[in-house]
Amino acid sequence: MKDKQIERLIKAEAKRQRDGLELIPSENYVSKDVLEANGSIFTNKYSEGYPGRRYYGGQEFTDQLETLAIERACKLFKCKFANVQPHSGAPANLAVYAALMEPGDTILGMDLSHGGHLTHGHPMTLPSKIYNFVRYKMKDTKTGEIDYVDLRRVAQETKPKIILAGFSAYSRNLDYKKFVDIAREVGAITVADMAHIAGLIAAGALRNPFDDGFDIITSTTHKTLRGPRGGIILTRENEEIAKKIDKSVFPGIQGGPHMHTIAAKAVAFGEVMIPKFKKYAQQILKNAKAMEKVLHKHKIRMIGGGTDNHLILADVFGSMGISGKEAQTVLDEVGITLNMNVIADDPRKPLDPSGIRFGTPAITTRGFKEKDCALVAELMLETLRNKDNPKKKIEIKNKIKALARKFPIPKSFV
Ligand code: DSN
């Protein structure tokens with residue numbers, strides 16, 4: 001690379017990714033093929049519109065590419081329609097809201113401190129200024145079960161246009177059927193934001209909301225799907241809804257699609273279809289369970305009592321008297337990357353919350369199995385217990401480095 005300043009930063013980041021343990025549950029390592037497609041000359045092309053209906057010429061190959069990506073997405077998620085153009089998860093969600101609601105309309109989603117995402121109506125986001133977000137919560141943080149009785153009550157009272165299932169910090173399975181039943185009672189459309197677990201759903205490791213009658217799924221493509229940074233919107237079968245969504249993505253909120261990203265999405269979808277990916281998805285779940293077991297053993301409070309998916313949300317302030325922010329910083333020092341996170345009805349502030357959120361997608365890509373993940377969990381807790389002991393922390397840092405070297409990022413991924 002001629003630009004040495006940028007080259008230096010890329011190399012430094014590559015080293016950081018190699019030498020540390022990535023536990024942020026929304027991150028992963030993409031394959032060389034995904035990277036190659038993402039860095040391809042499709043980045044040079046403008047393709048406003050959709051296959052066969054573009055505004056500019058020269059679309060012979062972009063049309064084939066986008067059609068392939070759409071076909072693969074539909075096959076993976078068992079649906080009739082896919083829009084592969086959203087630049088990421090936030091615009092995908094905004095496009096769905098704009099397609100199906102008028103300003104001022106009501107949307108029912110998960111409470112943000114109970115696991116919902118910023119784009120599900122955080123007061124600082126644009127959608128929250130346009131639409132009226134109302135909330136449901138967990139019934140009990142010990143089990144993580146959603147309060148479906150209250151969800152029905154709020155739905156009947158507020159008559160939302162959309163009922164939104166999905167999360168970015170929730171570790172249990174949702175009862176999609178109950179969402180669909182309630183939505184049908186009140187005439188709402190069901191949308192599942194599956195950004196975190198899309199890869200697990202596509203691989204059959206977790207239940208597909210479409211199997212229970214959900215209308216729409218939105219997702220990012222870079223988490224458990226192990227693709228490039230990007231978004232998708234899937235519609236189970238309703239063509240009218242799919243058309244509205246297409247219009248809402250373009251020209252509604254986006255301009256030209258990023259064809260290089262769409263190329264990389266298509267590659268990632270192809271990789272998910274390979275049987276090896278099924279094993280990968282199952283291993284993510286087993287690895288998260290192995291970490292859960294260690295936390296149980298050490299009596300660390302987990303929101304929802306444990307995990308059914310790839311992530312764990314632990315109340316480190318309640319269990320160890322260490323804030324999420326301090327835990328994140330101390331763990332960073334020894335080479336474990338995860339993120340601080342609010343917990344349900346957190347008594348602390350979002351920028352210094354009670355919890356940490358971590359998960360297994362990235363380390364599972366590196367080949368970690370249950371016993372390795374149990375060791376990582378033990379090292380995490382040992383680090384936190386020794387947060388004021390620099391000598392011990394250096395010792396742990398060396399152990400982490402040795403562990404990371406034992407599991408190099410696979411050759412097809414670097
Ligand atoms: N930042 C992503 C996450 O970590 O869940 C979602 O926006």
Side-chain angles (χ1 to χ4, degrees), residues 13 16-17 20-30 86-97 107 109-128 133 144 164-174 191-201 206 217-233 253 261 265 268 284 288 291 302-304 307-314 316 324-325 327-329 331-332 336-344 346 350-351 353-365:
E13 173 63 11
R16 188 195 69 80
Q17 292 190 12
L21 294 185
E22 185 52 72
L23 295 187
I24 294 176
S26 47
E27 294 191 13
N28 214 328
Y29 303 97
V30 298
H87 296 327
S88 202
N93 284 346
L94 178 60
V96 171
Y97 304 158
I107 169 166
M110 190 189 263
D111 187 274
L112 302 181
S113 82
H114 283 230
H117 185 246
L118 276 179
T119 57
H120 304 171
H122 188 282
M124 284 173 80
T125 62
L126 179 64
S128 78
F133 283 85
L164 183 61
F167 46 79
S168 72
Y170 179 76
S171 59
R172 292 301 192 186
N173 289 324
L174 298 174
V191 179
D193 178 347
M194 297 289 103
H196 266 259
I197 55 172
L200 302 170
I201 290 171
L206 291 183
I217 291 179
T218 62
S219 182
T220 50
T221 49
H222 47 269
K223 298 185 173 92
T224 46
L225 266 178
R226 223 160 56 177
R229 306 201 80 77
I232 42 169
I233 305 171
I253 63 165
T261 314
K265 287 176 191 175
I284 289 177
M291 296 184 92
M302 285 171 276
I303 308 306
T307 184
D308 294 324
N309 59 25
H310 63 302
L311 72 79
I312 288 172
L313 181 56
V316 279
K325 186 178 182 181
Q328 175 183 307
T329 307
L331 289 165
D332 235 348
I336 292 179
T337 314
L338 46 63
N339 64 280
M340 60 181 169
N341 215 101
V342 288
I343 60 169
D346 203 323
L351 284 176
S354 298
I356 52 172
R357 186 190 69 154
F358 56 94
T360 52
I363 53 174
T364 306
T365 296

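Atoms within each ligand, like the ligands themselves, are counted from 1 in listed order.
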message: With heavy-atom distances below 4.5 Å as the criterion, would you say the side chains of F167 and N309 are in contact?
response: yes
query: Are F358 and L21 close enough that some pair of their side-chain heavy atoms sits under 4.5 Å apart?
result: no
Residues which pass side chain to side chain donor-acceptor pair (under 3.5 Å) with T125, listed by chain and number, not counting sequence neighbours: none
query: For ligand 1, what are the residues with a heavy-atom contact below 4.0 Å?
result: S26, H117, S168, H196, K223, R357
Partner set under side chain to side chain donor-acceptor pair (under 3.5 Å) for T261, not counting sequence neighbours: none
field: Between D346 and S113, a side-chain donor and acceptor under 3.5 Å
entry: no
- request: Mind checking side chain to side chain donor-acceptor pair (under 3.5 Å) for N341 and listing every partner two or more places apart, or none if nothing turns up?
  value: N339
